[in-house]
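In what follows, a single structure is set out as structure tokens and then discussed.
Letters go in sequence order (proteins before strands), and every chain restarts at 1. These numbers were taken from a predicted model, which means no experiment stands behind them.
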There are 2 protein chains.
Amino acid sequence: MLSKTTADAPAALTLNDVAQRAGVSPMTVSNVINGKAGVRAATRQRVLDAISETGYRVNPMARTLAGGRNRILSVLTPQMNQPYASEVVQGAANAAQRLGYELIVMRSGGSNFSVMTQLAAGVLLIQPPPLPHRGDQDLRTDRLPPVVSVDGPSDHPFMVDNYGGACLAVQHLVGLGHTRIGFISGLEAEPGVAAEGAGASSGQRNDAHERFRGYRESLASAGLPVLTEYVQHGDFTKESGERAAQHLLRLPRPPTALFVSGDAMALGAIHLAQDLGLHVPDDLSVVGFDDLPIAAAARPALTTVRQPLQEMGDRAIELLVELVEHRAVVCPAPFPTTLIQRDSTAACR
Amino acid sequence: MLSKTTADAPAALTLNDVAQRAGVSPMTVSNVINGKAGVRAATRQRVLDAISETGYRVNPMARTLAGGRNRILSVLTPQMNQPYASEVVQGAANAAQRLGYELIVMRSGGSNFSVMTQLAAGVLLIQPPPLPHRGDQDLRTDRLPPVVSVDGPSDHPFMVDNYGGACLAVQHLVGLGHTRIGFISGLEAEPGVAAEGAGASSGQRNDAHERFRGYRESLASAGLPVLTEYVQHGDFTKESGERAAQHLLRLPRPPTALFVSGDAMALGAIHLAQDLGLHVPDDLSVVGFDDLPIAAAARPALTTVRQPLQEMGDRAIELLVELVEHRAVVCPAPFPTTLIQRDSTAACR
DNA sequence: TTGAAAGCGTTACCAA
DNA sequence: TTGGTAACGCTTTCAA
């Protein structure tokens with residue numbers, strides 16, 4: 001029913017067919033479609049009728065090739081099945097629909113950056129890898145459409161206030177009376193987290209540093225010590241959260257609270273604590289970061305620092321459209337985070 | 001750094017540029033790129049060198065417009081942030097990469113079906129809505145590329161053995177000694193679930209019926225009664241699972257085990273049981289369906305019927321490529337399900 | 001083995 | 001207000 005091979009297909013419906021049917025020239029049809037001024041109302045109507053009668057749709061490829069704007073935006077993301085990216089994409093898809101653009105999503109890697117570049121009027125990058133391969137860069141950057149990125153470097157980066165978010169989390173824990181607060185960062189085996197001023201080139205590394213700074217400074221301004229043995233690193237997976245928590249909770253004087261730089265890792269930490277016979281939040285409080293859908297669905301529901309991911313995706317597309325349509329743009333300020341209090345944190349006993 | 005507007009862009013690199021550089025005609029470059037036989041080795045090498053020196057990439061739009069094959073496949077899915085679709089897409093992306101195709105994903109709805117149609121050499125539909133709007137169908141189905149669908153109708157549908165999966169789940173529960181087994185289906189407020197032979201037009205409804213049939217027949221062959229009050233319906237959300245479980249567990253003689261037609265609903269059921277003071281699995285056993293990532297990540301880890309979603313996505317793309325390349329194809333048999341035993345089921349006490 | 005011509009469906013530009 | 005012409009970058013077809 002739906003499937004039909006190109007072999008036996010009737011010729012595609014073109015601008016010419018519509019023009020013929022409306023008794024005008026192809027150019028007039030084009031002008032009507034593109035909302036150009038200077039078409040008599042009657043003519044316009046005749047064309048419109050012919051379009052709806054035939055069910056004609058413009059061919060975006062031909063349109064692009066001919067130099068027109070194609071109303072296609074693309075998203076490049078390293079992993080399509082990660083909740084972080086999914087949320088951003090969801091917001092982006094909403095905005096695109098609202099603004100009358102089509103949104104196509106591709107998994108980044110390989111040669112597809114150039115495909116996007118030729119296909120789309122604008123590109124949204126989600127968590128682009130720290131070092132864009134030079135291989136892609138030295139191929140001539142001709143015809144490069146506007147690029148906006150969420151959680152990664154570009155001329156128009158969208159990011160969250162990581163420092164502020166970390167402060168929110170730690171201050172919440174401090175306010176609950178905790179004095180031994182551990183930190184699980186998202187910077188697995190990265191050297192020199194404690195050391196200042198490492199290169200801020202990589203978006204992710206920079207995020208990690210900002211969150212660590214928030215942790216460190218919040219502790220300091222509460223008069224609490226910053227212990228290196230209370231800082232562990234993970235890679236945002238649940239398993240890495242378990243490993244890090246295991247290390248932390250086996251310390252002679254283990255933390256009574258954990259600030260974890262990602263929801264999946266936080267859930268891992270909670271499960272490990274439970275395996276150790278600890279009750280969350282009575283024996284151990286845990287705060288996550290991101291507020292992915294799993295945070296609310298978990299038991300105990302996770303207290304976490306919310307990144308407005310859908311909103312960021314939405315706003316990123318809005319900016320991209322401004323760029324595509326050559327309007328003036330302002331670089332976005334970092335998005336504020338909010339603390340979502342749920343059931344994984346309680347007063348220190 | 002990455003962003004550069006079209007305005008000041010150098011002219012795009014074309015086949016002609018490469019041809020000039022290699023000292024041959026554009027056609028020869030085209031022939032080399034497309035692996036056509038009959039190009040002298042030396043000439044071929046000269047062209048290849050020119051290509052890599054310039055970093056040239058074919059423009060897929062132009063290629064398509066000119067009637068060539070474009071090695072782009074597209075996926076249309078109603079919700080990009082649902083785990084079900086994410087898993088299928090992940091598998092599809094792997095297969096596409098392996099086979100040298102680009103995969104683009106779009107959220108279905110609106111006019112984008114026709115965009116896909118013109119852009120891609122083949123289309124993969126994931127969970128297409130039950131009734132394809134006639135609006136899209138009466139527009140001339142010209143140039144329609146091959147279509148394959150996962151969990152929905154098409155000439156080449158990919159689905160799982162829903163009946164067998166349900167049998168697996170119920171037999172597992174029966175084997176554990178349970179005699180009061182409830183069922184939460186994915187067919188919210190759908191009339192006549194108990195009634196046979198409702199139209200099998202909708203993929204989802206059909207799935208639901210098949211799973212119910214597995215439940216009913218497994219119960220029957222175990223000599224157990226099929227009680228209508230033990231059957232509830234949800235819409236695959238966690239909340240609907242909670243609602244259905246609440247109804248079931250408040251029955252005078254509540255079930256001691258639940259077979260739930262989706263992992264998120266199953267988790268909702270477990271959480272509701274816990275809220276009622278029940279222990280899972282000691283007081284209530286729960287089996288889910290799908291084996292989404294959350295099933296393994298939850299506590300207690302969910303025993304569930306696994307659909308090989310990534311594999312289905314992978315195989316769907318393989319089939320699509322066969323279709324695109326005009327090879328002979330066989331329609332796929334339903335994929336087998338497997339029972340993944342985890343921690344949400346135990347012997348009836 | 002190579003290349004010239006024509007055309008895919010659309011839009012920019014400019015003349016009528 | 002309308003429409004002709006050229007061009008976008010590529011492939012098909014066919015001739016050299």
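Under the 3.5 Å distance criterion, with hydrogens and angles disregarded, a donor-acceptor pair is assigned to the side chains of Asn70(B) and Thr64(B). For the residue pair Asn94(A) and Arg107(B), a side-chain donor N or O sits within less than 3.5 Å of a side-chain acceptor on the partner. No side-chain N or O of Gln90(B) forms a donor-acceptor pair with one of Gln310(B) less than 3.5 Å apart. Residues Arg63(A) and Asn34(A) have side chains that bring a donor and an acceptor to within less than 3.5 angstrom of each other. A donor-acceptor contact under 3.5 angstrom links the side chains of Gln45(A) and Asp49(A), judged on distance only.
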Query - Under 4.0 Å protein heavy-atom contact, by nucleotide of nucleotides 11-16 of chain C - B base, S sugar-phosphate only - result: BBB---

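Between Thr14(A) and dC8(C) there is no side-chain N or O to OP1 or OP2 distance below 4.0 Å. Between Thr28(B) and dG3(C), a side-chain N or O to OP1/OP2 separation shorter than 4.0 Å is present.
If you take CG of Leu65(A) and C1' of dG7(C), they are 12 Å apart, rounded to a whole angstrom. One interatomic measurement links the two molecules: CE of Met61(B) to C1' of dC8(C), which rounds to 13 Å at whole-angstrom precision. Atom pair Asn59(A):CG and dC8(D):C1' shows a separation of 13 Å (rounding to whole Å applied). Regarding Arg46(B), its CZ atom lies at a distance of 14 Å from the C1' atom of dG3(C), rounded to whole Å. Between the CG atom of Leu119(B) and the P atom of dG9(C) there is a distance of 15 Å, given to the nearest Å. Atom CG of Asp17(A) and atom P of dG9(C) are 8 Å apart (whole Å). Between Leu13(A) atom CG and dC8(C) atom C1' the separation is 15 Å, expressed in whole Å.
Considering only residues two or more places apart in sequence or on other chains, Arg71(B) meets the salt bridge (Lys or Arg N to Asp or Glu O under 4.0 Å) condition with Glu325(B).
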